[in-house]
Amino acid sequence: MKDSNCIFCKIANGEIPSNTIYEDEEFRVILDNGPATKGHALVLPKEHYSDLFEIPEDKLGNAIVVAQKVAKKIKAALNCDGLNIVQNNGEAAGQTVKHLHIHVIPRYKDDNQHILWNPTSPSSDELENIRDTING
Ligand code: 5GP
Ligand code: ZN
C-alpha cells in the first residue's frame, strides 16, 4: 500500500526525484536533504509503513540488510571513521516523517554531531522493576 499524502511514498516510488544511491524492488535509498553528516542516507521501503510497529518482520529484515549494503558502499566511497544506524518512532523519539525509514549516518572524527544520549543512573531496584514490567 502507498499513501497518496506521504512524501516518502512519492520519493521511494520515483514520483518525486531524489539523490538515489541504491534501489531494488522493495527499497530506495536516498541522500537526506538535511544531513547530519556527509553521506547521511535514508532507507525507504516502497510500501507505506508508518513505523517499526507496522512493518512486517520479513520486510524489516530486508531493510536492515539494505542498510548494511549501503553502509559498506558509503564507507568505501567516503572513508568515514564510524557509522550510526538510527531509526526513530513517534514524535517523542524525533520522528518527523511518518513513513518508516532507517537513517545511515556516516561519522567523521570531529564532525561535531551528538547522536548519542546522556546516560542516567537508575538504582538496581529501579532496573529490576523495569525488567519485571517489560517481562510481564
Ligand atoms: P526523522 O526525523 O523522521 O527520523 O527523519 C526524517 C529525515 O528526513 C530528516 O533527517 C530530514 O532531513 C529528511 N527529509 C525530510 N523530508 C525530506 C525530503 O523531502 N527529501 C529528503 N531527501 N530528505 C528529507
Ligand atoms: Zn509513505
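Both ligands and their constituent atoms are indexed starting at 1 by order of listing.
Every N/O-N/O distance between F8 and ligand 1 stays at or above 3.5 Å. Ligand 1 has no nitrogen or oxygen under 3.5 angstrom from a nitrogen or oxygen of H40. Residue V97 places at least one N or O, backbone or side chain, under 3.5 Å from an N or O of ligand 1. When only interatomic distances are considered, the shortest N/O to N/O separation between Q95 and ligand 1 does not fall below 3.5 Å.
Using a 4.0 Å cut-off between charged nitrogen and carboxylate oxygen, E54 and K59 do not count as a salt-bridge pair. Salt-bridge check for E23 with K46: passed, with a basic side-chain N closer than 4.0 Å to an acidic carboxylate O.
Y22 and D24 form a side-chain donor-acceptor contact under 3.5 Å, judged by distance and modelled atom types alone.
If you look at Q87 next to ligand 1, there are no close heavy atoms at all, none under 4.0 Å. At a heavy-atom distance under 4.0 Å, no atom of N19 approaches ligand 1. Under 4.0 Å from ligand 1, heavy atoms of N33 appear from its side chain as well as its backbone. Here V86 has no heavy atoms under 4.0 Å from ligand 1, in either its backbone or its side chain. Contact annotation for L31 and ligand 1: only backbone heavy atoms (N, CA, C, O) come within less than 4.0 Å of the ligand.
When distances from the Zn ion (ligand 2) to the N, O or S atoms of H48 are compared, ND1 comes out shortest.
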